[in-house]
Amino acid sequence: MRIRLGYVAISLSLPQGSPNKTTTLFNLNKIENKVDQLSKLSRLARENLATQLRVLCYNVAHNIEMFRITSHLIPLATHPITRGWDYCEEFREELFAIGDIVKKHSLRISAHPDHFTILNSPVDSVVEAAIADLHYHDKLFDAMGLGAVAKLVLHVGGVYKDKPQSLRRFVAAFHQLPDGLRERIIIENDDKSYAAEEVLALCQEIKAPMVLDVHHHNCCNVGTGLFTLLPAIFATWGTTIPKIHFSSPKCGKNIRAHADYINIDEFVAFLAVAKECNQDFDVMIEAKQKDLALFALMKELQKIPKARIINEAAIEY
DNA sequence: TCGTGTCAAGATCTT
DNA sequence: AAGATCTTGACACGA
């Protein structure tokens, strides 16, 4: 089976490799007039988009075909202070150029709206904000010319002392999304509330692909092993190559935190389980050392007899 | 120049 | 019922 690796948002190999530049409301409000405020945001966004393009070029040069785009390309895009700002129009060319390189090299691009984006909250305003945030991501992908292949990873959300009810709220909100946006959504098991088995059942019900996070599964599960779950998780992807998330726990007391690098033994142990599915898949490496961790893992994989190196970011196992 | 407190956003645990 | 904590990268300020 062929396994490709990707990494998240920032390149640590490249100088100025972070497309995350932002500002805070507090500092923005020190600027007196609206026009100057917007021009500051505009400048940051332009820098981020230029950095993003550079990072993708670097990825192409290193055979990294999978990448998660930061949610912060356009700073404060969904905050009321920027209401009316047509950033897709302002940065039409920049966004198009990003989409162009993605399409030209068949890159697999996703984004992961952060943990404030919660579709299943009982509070209407929270759900409205979540939907607005999803639209922001959707608009950017549209402006890049990327269809439903560009996915948005979501968690189920909170439990609110009633998991079945909270799952129903997720389903209801999900079904109310516009088609184009709904087709982008893929759902990940989390490290505290919704275990892989529960997210799998949800994904089967609403016919959305499930992203297995192996680390989260180790933090939060209901006793079912991956050996049992993996075939059904992969099946939620249909004919698309499944994608999983992989990270290693930071050693010490906080097991849920991400380590700098990937533990090769844990990774190979997972490969052994996945081997039974005989299915190609992609792995998003979620390590604090970003692309450096990806390359470090590839270097370790070279020593594994069963792993055949295809290129700088892919193996056959 | 370096270290540190702070940041739009929610949920949940602790007091 | 209110406050602390979670978690994260980056900014901006002050030492």
Side-chain angles (χ1 to χ4, degrees), chain A residues 7-31 36-38 40-49 51-52 55 68-83 85 87 111-137 152-163 165-167 169-170 173 188-194 213 215-216 219-220 245 247-250 252-260 284-293:
Chain A
Y7 69 101
V8 176
I10 297 169
S11 168
L12 295 183
S13 303
L14 279 180
Q16 303 290 317
S18 169
N20 269 318
K21 280 177 166 294
T22 187
T23 186
T24 59
L25 262 198
F26 183 78
N27 287 305
L28 201 63
N29 281 328
K30 288 182 198 163
I31 300 172
D36 290 342
Q37 286 185 349
L38 198 60
K40 172 164 184 169
L41 293 173
S42 186
R43 180 179 55 77
L44 290 169
R46 181 165 279 109
E47 280 179 41
N48 286 344
L49 292 166
T51 302
Q52 184 58 79
V55 168
R68 180 189 303 165
I69 287 188
T70 174
S71 291
H72 305 290
L73 276 182
I74 312 292
L76 300 178
T78 56
H79 190 276
I81 200 171
T82 65
R83 187 179 296 256
W85 181 21
Y87 41 84
H112 194 347
D114 72 26
H115 61 283
F116 299 110
T117 305
I118 297 165
L119 278 182
N120 81 336
S121 173
V123 179
D124 286 346
S125 60
V126 173
V127 178
E128 281 160 24
I131 291 171
D133 190 56
L134 292 175
H135 276 293
Y136 154 75
H137 287 88
L152 296 173
V153 182
L154 279 187
H155 292 290
V156 180
V159 173
Y160 314 100
K161 297 183 177 139
D162 185 346
K163 200 178 261 186
Q165 182 67 36
S166 298
L167 277 162
R169 269 200 312 278
F170 184 93
E188 177 189 356
N189 58 307
D190 67 79
D191 55 0
K192 278 164 113 169
S193 308
Y194 291 93
D213 187 306
H215 179 201
H216 290 170
C219 297
C220 170
H245 292 174
S247 53
S248 289
K250 206 171 195 162
K253 49 188 180 249
N254 189 2
I255 182 116
R256 301 208 322 274
H258 288 176
D260 285 351
M284 187 64 80
I285 298 300
E286 293 181 323
K288 290 179 78 84
Q289 289 299 307
K290 310 292 183 189
D291 50 332
L292 301 179

Original post:
To the nearest 0.5 Å, how far apart are CD1 in Ile10(A) and CG in Leu292(A)?
Top reply: 11.5 Å
Can you tell me the distance, in whole Å, between the [atom1] atom of [X] and the [atom2] atom of [N]?
X         : N       : atom1 : atom2 : answer
Asn20(A)  : dA10(C) : CG    : P     : 5 Å
His115(A) : dG9(C)  : NE2   : P     : 13 Å
His72(A)  : dC7(B)  : NE2   : P     : 16 Å
Asp190(A) : dT12(B) : CG    : C1'   : 13 Å
Lys288(A) : dT7(C)  : NZ    : P     : 10 Å
Leu44(A)  : dA8(B)  : CG    : P     : 14 Å
Asp260(A) : dG9(C)  : CG    : C1'   : 14 Å
Asp114(A) : dC7(B)  : CG    : P     : 16 Å

**OP:** For the pair His72(A) (side chain) and Asn20(A) (backbone), establish whether a donor and an acceptor sit closer than 3.5 Å, ignoring hydrogens and angles.
**Re:** no
Subject >> His215(A)/His258(A) aromatic ring centres below 6.0 Å >> reply: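 Ring-ring flag for His215(A)/His258(A): true, centres closer than 6.0 Å.
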Original post:
Should dT8(C) form a Watson-Crick or G-U wobble pair with both distances under 3.5 Å, which nucleotide is its partner?
Top reply: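 Across any shown strand, dT8(C) pairs with none.
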**OP:** Could you check which nucleotide pairs with dC2(B) in any of the strands shown, counting Watson-Crick or G-U wobble with both distances under 3.5 Å?
**Re:**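 Because both required distances fall under 3.5 Å, dC2(B) counts as paired with dG14(C).
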Subject >> Pairwise side-chain contact, Asp291(A) with Leu12(A), heavy-atom cut-off 4.5 Å (strictly under) >> reply: yes
Subject >> Residue pair Leu134(A) / Leu119(A), side-chain heavy-atom distance below 4.5 Å >> reply: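 Sidechains of Leu119(A) and Leu134(A): in contact.
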Using atom [atom1] of each nucleotide, how far apart are [N] and [M] to the nearest Å?
N       : M       : atom1 : answer
dT7(C)  : dC2(B)  : P     : 29 Å
dG9(C)  : dT12(B) : P     : 23 Å
dG5(B)  : dA4(C)  : P     : 15 Å
dG3(C)  : dT6(B)  : P     : 16 Å
dA10(C) : dG10(B) : P     : 23 Å

[X] side-chain proximity, nearest of [options]:
X         : options                  : value
Lys290(A) : dT8(C), dA8(B), dG9(C)   : dG9(C)
Ile118(A) : dG9(C), dG10(B), dA8(B)  : dG10(B)
Leu25(A)  : dA11(B), dT8(C), dA8(B)  : dA8(B)
Tyr160(A) : dA11(B), dA12(C), dC7(B) : dA11(B)
Lys30(A)  : dA12(C), dA8(B), dA11(B) : dA12(C)
Val126(A) : dA9(B), dA11(B), dC13(C) : dA11(B)

Please state whether the phosphate of [N], meaning OP1 or OP2, lies under 4.0 angstrom from any side-chain nitrogen or oxygen of [X].
X         : N       : answer
Lys161(A) : dT12(B) : no
Lys192(A) : dG10(B) : no
Thr23(A)  : dA12(C) : yes
Ser121(A) : dA11(B) : yes

Subject >> Aro-ring/base stack Phe116(A)-dG10(B), d under 5.5 Å, angle under 30° >> reply: no
Base, sugar-phosphate or nothing for [X]? Non-hydrogen atoms, less than 4.0 Å.
X         : result
Ser18(A)  : sugar-phosphate
Val159(A) : sugar-phosphate
Leu76(A)  : base
Lys21(A)  : sugar-phosphate

**OP:** Please figure out whether Lys40(A) or Asp191(A) has its closest DNA chain C nucleotide nearer the 5' end.
**Re:** Asp191(A)
Original post:
What do you reckon, is CD of Gln16(A) surrounded by more than 12 foreign heavy atoms closer than 6.0 Å?
Top reply: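 Counting neighbours around CD of Gln16(A), 12 or fewer heavy atoms of other residues, nucleotides or ligands fall under 6.0 Å, so no.
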Original post:
In terms of ring plane angle, is the pair His216(A) and His155(A) parallel, tilted or perpendicular, where the classes change at 30° and 60°?
Top reply: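 It falls in the tilted class, 30° to 60°.
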